Amino acid sequence: MGSPRVLPADGDLGEAADVLRTGGLVAFPTETVYGLGANALDARAAARIFEAKRRPSFDPLITHLADAADLAPLVGPVSPAVAALAARFWPGPLTLIVDRPERIPPIVTSGLDSMAVRVPDHEHARRLIAAAGVPVAAPSANRFGQLSPTRAEHVVRGLGAAVDVVLDGGPSRCGIESTIVDARGDHPVVLRLGALPVEELEKAIGPVTVRPGSSGQPVAPGTLAAHYAPRTPLRLVHGAESVGADGGAGRGYLAFRDRPAGHWAAVEVLSAAGDLTEAAARLFDALHRLDAVGVTEIVAEPVPDAGVGRAVNDRLRRAAATWHPAP
Ligand code: TXA
Ligand code: MG
């Protein structure tokens with residue numbers, strides 16, 4: 001598959017910025033997950049993202065800015081709620097929907113008149129975007145439908161030489177993607193649960209609606225298929241007991257805080273302290289590891305459904321949606 005150049009994220013970013021400016025792909029760390037970046041003003045560069053990820057062209061990208069002050073010059077006036085959310089939570093794990101400006105080619109937004117945009121809360125991501133001097137379109141740096149990357153090595157393993165440069169900034173702090181909110185109208189809607197808890201949003205702008213498709217009840221089952229999925233089948237259970245006495249043989253178990261009883265081929269505990277933020281940060285890393293040890297099935301239990309735990313459960317349900325019981 002070949003290998004990309006891996007450079008330290010805390011070093012000189014001049015070369016990576018040049019790669020972006022000249023139409024190449026740079027994977028970079030953010031506080032949520034690693035992103036696969038391209039110049040958002042360059043339709044051919046954006047097209048390379050879809051190729052590298054084998055991503056369907058109808059799945060729009062998020063545009064990343066170095067600073068909240070860069071929003072107005074790019075998109076012009078926004079609704080009061082969008083302005084309030086940007087002022088309160090940027091830089092941070094919140095993606096906002098705005099009208100797509102003329103300068104952003106339609107391929108970035110999959111032809112939509114709207115655009116998703118955020119300012120990542122990561123010093124080196126912001127240094128990179130500022131050095132490139134252009135907005136940076138970046139989905140998560142994984143093949144479409146597979147586990148999101150929270151370490152540079154996940155990106156190298158998943159995308160190989162399809163990416164030109166990978167900036168290694170160590171493990172992602174949040175470990176789960178940004179929360180996506182459409183606050184253009186009178187009734188803000190959460191389009192994707194993510195690292196910024198719904199409770200925090202509501203403290204800032206009052207009640208928000210969580211779109212059904214983003215809370216685990218699929219609008220159409222097909223929209224969930226193969227999303228955030230490990231290669232190994234994943235089953236969601238309420239406690240290890242439900243698997244039966246010898247159920248652990250050959251299987252891996254993903255626990256929230258307590259190690260399960262019985263014999264399992266591999267066990268990952270997300271947070272022995274029962275801390276949801278820690279559990280979110282470790283989720284994809286733990287799934288990557290269980291996927292790599294060669295178990296026949298990953299058995300996972302949900303975490304408490306509050307705060308960022310809702311986003312963790314959302315990812316687990318989506319991963320489980322690809323699992324089909326043997327006939
Ligand atoms: O935390 C994150 O958001 C990471 C890091 C790299 O910033 N990025 C990320 O991108 O998760 P991605 O491509 O894996 O997810 C982007 C999702 C799309 O699948 C789509 O659901 C939504 O953002 N999206 C993008 N543009 C949109 C738009 N104009 N309207 C509605 N949803 C949009
Ligand atoms: Mg993704």
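Given the structure is predicted, the values throughout are model-derived calculations rather than measurements. Counting convention: from 1, in listed order, for ligands and their atoms alike.
Side chain of Thr179 to main chain of Arg192: no donor-acceptor pair is present (N/O by atom type, distance under 3.5 Å, no hydrogens or angles). A distance-only check finds no donor-acceptor pair linking the side chain of Arg184 to the backbone of Val82 [under 3.5 Å]. A donor-acceptor pair under 3.5 Å links the side-chain atoms of Ser110 to the main chain of Ser57, judged by distance alone.
In summary, Glu200 and Lys203 engage in a salt bridge, as defined by a charged side-chain N under 4.0 Å from a carboxylate O. Between Arg310 and Asp314, none of the side-chain N atoms (NZ, or NE/NH1/NH2) sits under 4.0 Å from a carboxylate O, so this pair counts as no salt bridge. Of the charged side-chain nitrogens involved, none lies within less than 4.0 Å of a carboxylate oxygen, so that Arg126 and Asp121 do not count as a salt-bridged pair.
Residue Leu112 has at least one heavy-atom neighbour below 4.0 Å for each of these atoms of ligand 1: 28 (C), 29 (N), 30 (N). Each of the atoms 6 (C) of ligand 1 lies under 4.0 Å from some heavy atom of Gly35. Counting the atoms of ligand 1 from 1 in the order shown, those under 4.0 Å from a heavy atom of Ile180 are 17 (C), 22 (C), 23 (O). Heavy-atom contacts of Ser140 reach the following atoms of ligand 1: 8 (N), 9 (C), 10 (O), 12 (P), 13 (O), 14 (O) (cutoff under 4.0 Å). Every atom of ligand 1 is numbered from 1 in the order shown, and the set under 4.0 Å from a heavy atom of Ser178 is 1 (O), 2 (C), 3 (O). Within ligand 1, the atoms closer than 4.0 Å to a non-hydrogen atom of Asp59 are 18 (C), 19 (O), 20 (C), numbered from 1 in the order shown. Atoms of ligand 1 lying under 4.0 Å from at least one heavy atom of Ser114, given by number and element, are 28 (C), 29 (N), 30 (N). Remark: ligand 1 atoms within the under-4.0 Å shell around heavy atoms of Leu61 are 25 (C), 26 (N).
Residue His64 places a heavy atom less than 4.0 Å from ligand 1. Using a 4.0 Å heavy-atom cutoff, Thr109 is absent from the residues neighbouring ligand 1.
Neither the backbone nor the side chain of Arg211 comes within 4.0 Å of ligand 1, counting heavy atoms alone. When heavy-atom distances to ligand 1 are checked against a 4.0 Å cut-off, Leu191 comes that close only through its side chain, counted from C-beta outward.
The side chain to side chain donor-acceptor pair (under 3.5 Å) test with Ser148 is passed by exactly one of Glu177, His288, His154, Arg315: Glu177.
Side-chain contact between Pro120 and Arg118 is present, with heavy atoms from C-beta onward closer than 4.5 Å. The closest side-chain heavy-atom distance from Leu283 to Leu270 is below 4.5 Å. Residues Leu85 and Leu201 meet the side-chain proximity criterion, which asks for heavy atoms closer than 4.5 Å.
Among Ile97, Val98, Leu36, the residue whose heavy atom lies nearest to atom 28 (C) of ligand 1 is Ile97.
Considering both main-chain and side-chain atoms, Thr32 comes within under 3.5 Å of ligand 1 through a nitrogen or oxygen pair. The shortest N/O to N/O separation between Arg55 and ligand 1 falls below 3.5 Å. Considering backbone and side-chain atoms alike, Glu177 places every N or O at 3.5 Å or more from each N or O of ligand 1.
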Does Ser178 form a side-chain hydrogen bond (donor to acceptor under 3.5 Å, both in side chains) with Thr32? I'd like the steps, not just the answer. CA-CA 6 Å; Ser178 61; Thr32 58; 5.7 Å; no

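Residue contacts to the Mg ion (ligand 2): Ser140 brings an N, O or S atom closer than 2.8 Å.
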